[in-house]
Student: 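Pasting in a structure now, in structure tokens, and then I'll have a few things to ask.
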Protein chains: 2
Amino acid sequence: MGTAEIIDKLKQNNLRVTPQRVAIFEAIYALNNHPTAENIISQLQKNHPYISTGTVYKVLDTLVASKLLIKVKTEKGILRYDPVLSTHHHLYCLETDRIEDYEDDEFDEIINAYFESNKIKNFQIKEIKLQITGNFKTN
Amino acid sequence: MGTAEIIDKLKQNNLRVTPQRVAIFEAIYALNNHPTAENIISQLQKNHPYISTGTVYKVLDTLVASKLLIKVKTEKGILRYDPVLSTHHHLYCLETDRIEDYEDDEFDEIINAYFESNKIKNFQIKEIKLQITGNFKTN
DNA sequence: ATAATTGCAAAAGCTTTGCATGGCC
DNA sequence: GGCCATGCAAAGCTTTTGCAATTAT
């Protein structure tokens, strides 16, 4: 995702293009692994040391509201942000804070078919995500 | 879950039986719907107004560490606690804070069979949970 | 008896807010 | 020009921590 694409995305969503927004977006792509706000702020220190903490949170909220980012739930209660917008699942490491995306269209089809014929009583499903917990193999 | 059962559970896990621990356990069962620490503290006000906030958090940590409770992730970054220990999934309401348990053995078997024959590269699965987001039907 | 738990209050995160300043369209 | 976004610092909320006093075993 290059700068031009980021600018396009902002414009498409009727968001003003500011250097802060572009920089924050770039930082998230550079980090590439579900960064926390804290991670993003550290990353910004490198090239944009003057972006303030409050702005980072405000921009993240804006981007989430415009669905350019997704918030990822964590057990620790710290918010993390994910720029991958297509439906996908997450692999959570039991031992570290690592979180990876997991995409599997075949599996999604199985799930959808299952819930199509096994509707949940009193509940209208909008989206299904897996939290897959375990360990990354190091070899 | 009666008081006697709670006491048993604590003993079985080599935890000392204190009035605070029992009361907190009872509060969680009384609330019955993935309460936050805040919810638990309010509930305790009714019958045990002298249990301090710090103690509640410490007890919750202890119970989670002993696997008598499970932490539930939320998008808002607030921790919630669930006394249901069997493997189960969660239904998240898009519009309110409501979270319900969803158990489905048939579905669990399908998932397990799927990942048995479609192992994830470099990842050892320990547990799979669904986050099902949508709306509760009011009728 | 002794080791663990509680209570209290202070502090530590992380995140939000308000308002004046500055920048985008 | 007008409105929106930013910066800064202060405040908010939830959660954690330290230590002395108390309680369970």
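Since we're looking at a predicted model, the values are computed, not measured. Just so it is clear: chains get the letters A, B, ... in the order the sequence lines come, proteins before strands, and each one is counted from 1.
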Student: Please confirm whether the backbone N or O of A:Glu106 pairs with a side-chain atom of A:Glu109, one donor and one acceptor, at under 3.5 Å?
Tutor: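 No; judged by distance alone, with no hydrogens or angles, the pair does not exist.
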Student: Could you check how far CD1 of A:Ile41 sits from P of C:dG13, rounded to whole Å?
Tutor: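 After rounding, the reported distance stands at 14 Å.
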Student: To the closest 0.5 Å, what do you measure between CG (A:Asn47) and CD (A:Glu26)?
Tutor: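 Going from CG on A:Asn47 over to CD on A:Glu26, the span is 8.5 Å.
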Student: Grab the NZ-P distance between B:Lys11 and C:dT5 for me, whole Å please.
Tutor: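 About 15 Å, once rounded to whole Å.
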Student: A:Asn14 CG to C:dC24 P: how many Å, rounded?
Tutor: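 One finds 18 Å between P of C:dC24 and CG of A:Asn14, rounded.
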Student: Judged by each residue's nearest nucleotide on DNA chain D, which is more toward the 5′ side, B:Lys71 or B:Val17?
Tutor: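 The residue closer to the strand's 5' end, by nearest nucleotide, is B:Lys71.
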Student: The side chain of B:Ala37 lies closest to which of these nucleotides: D:dT15, C:dT6, C:dT15?
Tutor: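 Nearest to the side-chain atoms of B:Ala37, counting from C-beta on, is D:dT15.
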Student: Quick check for you: among C:dT15, D:dA24, D:dT6, whose closest atom lies nearest to any side-chain atom of B:Pro19?
Tutor: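 Comparing C:dT15, D:dA24, D:dT6 against the side chain of B:Pro19, the answer is D:dA24.
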Student: Between C:dG7, C:dT5, D:dT6, which nucleotide gets closest to the side-chain atoms of B:Arg21?
Tutor: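 Side chain of B:Arg21 sits closest to C:dT5.
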Student: I want to verify a distance call: between C:dT6, D:dT6, C:dT15, whose nearest atom is closest to the A:Thr55 side chain?
Tutor: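 Closest nucleotide among those given: D:dT6.
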Student: What is the distance from CZ of A:Arg80 to P of C:dT15, rounded to the nearest Å?
Tutor: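 Going from A:Arg80 (CZ) to C:dT15 (P), I get 12 Å.
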Student: For A:Tyr57 and C:dT15, give me the distance from atom OH to atom P, rounded to whole Å.
Tutor: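 About 4 Å, once rounded to whole Å.
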Student: Of A:Gly54 and A:Thr62, whose nearest nucleotide on DNA chain D comes first from the 5' end?
Tutor: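 Residue closer to the 5' terminus by nearest nucleotide: A:Thr62.
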Student: Is A:Thr18 touching bases, backbone alone, or none of the nucleic acid, heavy atoms closer than 4.0 Å?
Tutor: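 Sugar-phosphate only.
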Student: Got a second to check how far B:Tyr81's OH is from B:Leu60's CG, nearest 0.5 Å?
Tutor: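 So the OH of B:Tyr81 and the CG of B:Leu60 are separated by 5.0 Å.
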Student: Between B:Gln20 and C:dG7, is there a contact of a side-chain N or O with OP1 or OP2 at under 4.0 Å?
Tutor: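 Checking B:Gln20 against C:dG7: at least one side-chain N or O falls below 4.0 Å of OP1 or OP2.
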Student: Please state how far atom NZ in A:Lys58 lies from atom P in D:dA10, giving the value in whole angstrom units.
Tutor: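 In whole Å, D:dA10 P and A:Lys58 NZ are 15 Å from each other.
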Student: Taking only the side-chain nitrogens and oxygens of A:Arg16, find out if one of them lies under 4.0 Å from OP1 or OP2 of C:dG23.
Tutor: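 No.
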Student: If you apply the rule side chain to side chain donor-acceptor pair (under 3.5 Å), what do you find for A:His34 with A:Asn39, and how did you get there?
Tutor: CA-CA 9 Å; A:His34 310 85; A:Asn39 296 151; over 6 Å; no
Student: Evaluate the criterion side-chain contact (heavy atoms from CB on, under 4.5 Å) for residue pair B:Glu95 and B:Asn135; output intermediate values, then yes/no.
Tutor: CA-CA 7 Å; B:Glu95 283 155 18; B:Asn135 291 293; 3.2 Å; yes
Student: Please report the distance, rounded to the nearest Å, between CG in A:Leu60 and C1' in C:dT16.
Tutor: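 To the nearest whole Å, that distance equals 13 Å.
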Student: Whole Å only: how far is the CD atom of B:Glu38 from the C1' atom of D:dT16?
Tutor: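 After rounding, the reported distance stands at 16 Å.
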